[in-house]
Protein chains: 2
Amino acid sequence: MFQAVADPVRRSMIERLADHGEATAGELSELAAQRFGIRQPTASKHLKVLREAGVVTSSVDAQRRVYRLEPGPLDDLAGWAARQTRFWTGRLDALERHLDAETAETAEITDPATTDEGTSS
Amino acid sequence: MFQAVADPVRRSMIERLADHGEATAGELSELAAQRFGIRQPTASKHLKVLREAGVVTSSVDAQRRVYRLEPGPLDDLAGWAARQTRFWTGRLDALERHLDAETAETAEITDPATTDEGTSS
DNA sequence: TCCGTACTTTGCCACAGAGCTATATAGCTG
DNA sequence: CAGCTATATAGCTCTGTGGCAAAGTACGGA
């Protein structure tokens, strides 16, 4: 998943699918061609990566492959990223309030080693 | 940013910083050693990547480098990922409501704009 | 002043993966 | 059936990056 999203070509494809709901392999390939100058087989390979990561699903329509975004993995990604900062900003927020109410004069290093002060509302 | 988060070692470091608020290079290095069996210079390289991506900042405390998470980039990542699915689920949600009631009485975000996909190819 | 500690930097190797061309597969269409 | 369209796969090259050991830098303490 993280790997799937690491490439700008694939992100561009994801964004396109997010905007248009769905697109054929050809449309996505042409988009990639315009924006990144890559050839069709390369685009196809990127689609394979997205498929195997579960970010997109494809259905067959005659010779066409219609791709569609799968929200699960992207929501997981969003959740993970948000979680990393929520802990932190929660702490900082609590700390800031604490500093504001008590004293606005402490070092920038808050000594997390000995005491756990996370439960302060 | 996306690159910074693409590596499991680096994600592990981020998670550690998210939990503990901050950590020295040595602590992060040892964590990576335990979990991934990598050596200290390799861990240092990963920290460099995180630093240059703006995901972490470091301050000097004698010989120690204290690392701390920078919420901005991670929030951006979370925002991007969430945005990709919000379009989509919004559309799907609207469609579901439409199928459910068909009267289209809910005039909130239930505006599918113009018929976007009639003239495909 | 010299040593040990804590990291970073450097130089190297190996492998993953992104790009290409050429080819295969599948399904319409004439 | 031939041939065109749409997409995937195969096979190859080349760059990027993760890994290591060894050397460099910076600082505190005996």
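Letters A, B, ... mirror the listed sequences (proteins, then strands); counts begin at 1. Note: hydrogens, waters and symmetry copies are ignored here, and every other heavy atom, side chains too, is used.
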S.K.: So, is B:Arg65 close to the C:dC7 phosphate, meaning a side-chain N or O under 4.0 Å from OP1 or OP2?
M.R.: no
S.K.: Decide yes or no, distance alone: a donor-acceptor N/O pair under 3.5 angstrom between the base of D:dA8 and the side-chain of A:Gln40.
M.R.: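 Such a pair is found, so the answer is yes.
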S.K.: In whole Å, I'd like the distance from the CZ atom of A:Arg35 to the P atom of C:dA18.
M.R.: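 So the CZ-P distance, A:Arg35 to C:dA18, works out to 18 Å.
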S.K.: Listed in order of residue number, which residues of residues 1-8 of chain B have a non-hydrogen atom at under 4.0 Å from DNA chain C?
M.R.: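 Correct list: empty, so none.
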S.K.: Can you name the nearest heavy-atom pair linking A:Ala4 to A:Arg10, along with the distance?
M.R.: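 That would be O-NE, 2.7 Å.
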S.K.: Base, sugar-phosphate or nothing for A:Ser29? Non-hydrogen atoms, less than 4.0 Å.
M.R.: nothing
S.K.: For B:Arg64 and C:dT5, what is the distance between atoms CZ and P respectively, to the nearest whole Å?
M.R.: 12 Å
S.K.: Do B:Glu27 side-chain atoms and B:Thr24 backbone N/O form a donor-acceptor pair below 3.5 Å?
M.R.: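 Flag set: sc B:Glu27 to bb B:Thr24 pair under 3.5 Å.
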S.K.: If you compare every side-chain N and O of B:Thr42 against the phosphate oxygens of D:dC20 (OP1, OP2), does one of them come in below 4.0 Å?
M.R.: yes
S.K.: For the residue pair A:Val56 and A:Arg51, what are the closest heavy atoms and their distance?
M.R.: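 Between these two residues, the closest heavy atoms are CG2-N, 3.7 Å.
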S.K.: Expressed in angstrom and rounded to an integer, what is the separation of B:Phe36 atom CZ from D:dG19 atom P?
M.R.: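 So the two atoms are 9 Å apart, to the nearest Å.
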S.K.: Walk me through it: do A:Leu74 and B:Trp80 pass the test side-chain contact (heavy atoms from CB on, under 4.5 Å)?
M.R.: CA-CA 9 Å; A:Leu74 280 167; B:Trp80 180 86; 4.0 Å; yes
S.K.: Is B:Arg11 reaching over with its side chain to a backbone N or O of B:Ala6, donor-acceptor style, under 3.5 angstrom?
M.R.: yes
S.K.: Figure out the CD/C1' separation between B:Glu27 and C:dC7, and round it to whole Å.
M.R.: 14 Å
S.K.: Kindly say if A:Tyr67 contacts the phosphate of D:dA6, meaning a side-chain N or O under 4.0 Å from OP1 or OP2.
M.R.: no
S.K.: Distance-only criterion, 3.5 Å: show the donor-acceptor pairs between side-chain atoms of residues 35-43 of chain A and protein atoms not counting sequence neighbours.
M.R.:
none

S.K.: Hey, which sits more toward the 5' end of DNA chain C by its nearest nucleotide, A:Ile38 or B:Ser44?
M.R.: B:Ser44
S.K.: D:dG19, OP1 or OP2 - any side-chain N/O from B:His46 closer than 4.0 Å?
M.R.: yes
S.K.: Minimum heavy-atom separation for B:Tyr67 to B:Leu17, with atom names?
M.R.: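 What the structure gives for the nearest pair is O-CD2, 3.4 Å.
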S.K.: Which atom names give the shortest non-hydrogen contact between B:Ala82 and A:Ala78, and what distance separates them?
M.R.: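 Heavy atoms of B:Ala82 and A:Ala78 come nearest at N-CB, 3.8 Å.
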S.K.: With hydrophobic residues grouped by side-chain heavy-atom distances under 4.5 Å, do A:Val66 and A:Val49 end up in a single group?
M.R.: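 In one cluster: no.
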S.K.: I need the residues from residues 48-63 of chain A with at least one non-hydrogen atom less than 4.0 Å from DNA chain C; give them sorted by number, or say none.
M.R.: A:Ala62, A:Gln63
S.K.: Do the side chain of B:Lys45 and the base of D:dG19 come within less than 3.5 angstrom through a donor-acceptor pair of N or O atoms?
M.R.: yes
